[in-house]
Amino acid sequence: MQKENRLCFHQGLRHGIPICLGYLAVSFTLGIAAKNAGMTAFQATVTSLLVNASAGQAAGFTVIAAQGSYLEMAVMILVANARYLLMSCSLSQKLSPDTSLLHRLLIGFDVTDEIFGVSMAFPGTLNPFYTYGVILVAAPGWALGTCLGVLCGNVLPSNVMSALSVGLYGMFLAIIIPPAKKNKIIAGLVVLSMLASYLFAKLPAFSFLSSGMRIIILTVVISGAAAVLFPLPDKPDTKNGKTAA
């Protein structure tokens with residue numbers, strides 16, 4: 001078991017490298033926002049180590065810059081980061097039922113879009129040590145990028161920083177394309193999700209919703225419909241000879 005954990009941990013370290021590089025570019029712009037809010041490099045870095053969520057941190061920095069109240073900040077960050085509740089619920093189903101509460105809490109502390117994506121792509125039942133390896137490499141990249149953004153954020157032009165952030169979208173494509181090529185249902189759901197997300201962002205009827213809330217609504221509706229229309233077949237439980245979903 002220890003050998004398996006070690007192998008999964010090393011695999012997570014390797015898979016966390018491209019996430020780390022993407023985080024360096026994206027969090028650089030976040031550091032600029034922190035600097036504009038009057039935060040020091042140390043304060044911004046600690047924030048990224050403890051929060052590690054671009055939308056939530058950006059919302060928090062906006063409230064700080066506007067000298068808003070703690071209540072306003074709590075509500076804004078709750079809305080901006082609400083999608084991670086759904087990700088955590090989904091990720092919990094990927095773990096073995098025997099996974100301890102401590103492992104679940106440690107993984108839940110750093111559920112981000114990218115870490116969630118690679119963890120869900122892990123073949124079979126998720127080994128917590130795989131996610132630990134990803135986090136160990138990716139999280140410092142997010143904090144370092146934020147720190148550099150505060151220290152020298154005005155050195156690079158904004159169009160260069162915007163171009164660097166495209167790397168994360170390439171990583172998402174690498175996560176969704178392989179399973180979509182193997183399964184037509186998944187491919188259709190991916191296309192449907194993209195179209196629905198675009199329409200939700202453009203239609204005036206949904207313009208009052210935040211991006212985080214739109215993601216939550218689309219995730220619940222599309223995944224719920226897919227679960228009803230295309231349920232996964234039961235898998236045999238090798239421990240007791242029964243079947244399990």
Side-chain angles (χ1 to χ4, degrees), residues 5 8-9 11-27 30 45-60 73-146 165 167-169 171-176 179 190 193 197 210-220 222-224 227:
N5 292 341
C8 290
F9 180 75
Q11 184 182 14
L13 291 176
R14 295 194 302 270
H15 291 178
I17 292 175
I19 300 178
C20 175
L21 297 177
Y23 279 178
L24 277 171
V26 175
S27 61
L30 191 65
T45 303
V46 172
T47 301
S48 286
L49 286 173
L50 296 178
V51 180
N52 201 356
S54 58
Q57 285 180 260
M73 180 179 293
V75 172
M76 283 194 65
I77 294 179
L78 176 63
V79 173
N81 289 346
R83 68 185 186 278
Y84 294 126
L85 296 174
L86 296 177
M87 293 183 187
S88 297
C89 291
S90 179
L91 198 57
S92 69
Q93 303 303 303
K94 181 77 173 176
L95 295 168
S96 168
D98 299 330
T99 303
S100 66
L101 177 62
L102 178 61
H103 283 308
R104 295 176 183 273
L105 291 176
L106 290 175
I107 293 177
F109 172 75
D110 206 19
V111 174
T112 67
D113 300 337
E114 298 76 25
I115 294 175
F116 168 79
V118 296
S119 296
M120 290 300 293
F122 186 85
T125 302
L126 176 63
N127 187 311
F129 286 87
Y130 170 81
T131 305
Y132 295 158
V134 177
I135 293 173
L136 187 62
V137 175
W142 184 262
L144 177 60
T146 305
S165 64
L168 283 178
Y169 294 100
M171 184 183 61
F172 273 121
L173 291 176
I175 294 173
I176 64 175
V190 169
S193 299
S197 179
S210 66
S211 59
M213 188 59 66
R214 290 198 296 266
I215 291 175
I216 291 175
I217 294 175
L218 290 174
T219 300
V220 172
I222 295 177
S223 62

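The first residue of the sequence shown is numbered 1, and numbering continues consecutively from there.
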_Looking at every non-hydrogen atom in both residues, tell me the closest pair between V111 and F116 and how far apart they are._
CG1-CB, 4.3 Å
*In Å and rounded to the nearest 0.5 Å, what is the CD1 to CD1 distance from I115 to I107?*
10.5 Å
_Audit row: W142, Q57, side chain to side chain donor-acceptor pair (under 3.5 Å) steps and yes/no_ = CA-CA 12 Å; W142 184 262; Q57 285 180 260; 2.7 Å; yes
_Inter-residue atom distance L85.CG - L78.CG, 0.5 Å rounding_ = 7.5 Å
_P140: partners by side-chain contact (heavy atoms from CB on, under 4.5 Å), with sequence neighbours left out_ = none
*Going from CG on L49 to OG1 on T146, what distance comes out if it is rounded to the nearest 0.5 angstrom?*
8.5 Å
Donor-acceptor pairs under 3.5 angstrom involving side-chain atoms of residues 120-128: please list them, not counting sequence neighbours.
residue, atom, partner, partner atom, Å
N127, OD1, F129, N, 2.9
N127, ND2, N5, OD1, 3.0

*According to the side chain to side chain donor-acceptor pair (under 3.5 Å) rule, which pairs have a member within residues 99-110, sequence neighbours left out?*
N52-D110, H103-Y132
_Side-chain touch M87/D113, heavy atoms, less than 4.5 angstrom_ = yes
_Flag, side chain of S48 to backbone of T45, donor-acceptor distance under 3.5 Å_ = no
*asked:* Quick check for you: to the nearest 0.5 Å, what is the distance between C8 atom SG and H15 atom NE2?
replied: 10.5 Å
*When Y23 is tested against each of V26, L21, I19 for side chain to side chain contact (heavy atoms under 4.5 Å, CB included), which residue passes?*
I19
_Gap between atom CG of L30 and atom OG1 of T47 - 0.5 Å precision_ = 9.0 Å
_I'd like to know if the side chain of S88 and the backbone of Y84 have a donor-acceptor N/O pair within less than 3.5 Å._
yes
*asked:* Can you give me the closest heavy-atom contact between S27 and G141, atom names plus distance?
replied: OG-O, 3.8 Å
*asked:* I'd like to check L91 versus S119 (side-chain heavy atoms, cut-off strictly below 4.5 Å). Are they in contact?
replied: yes
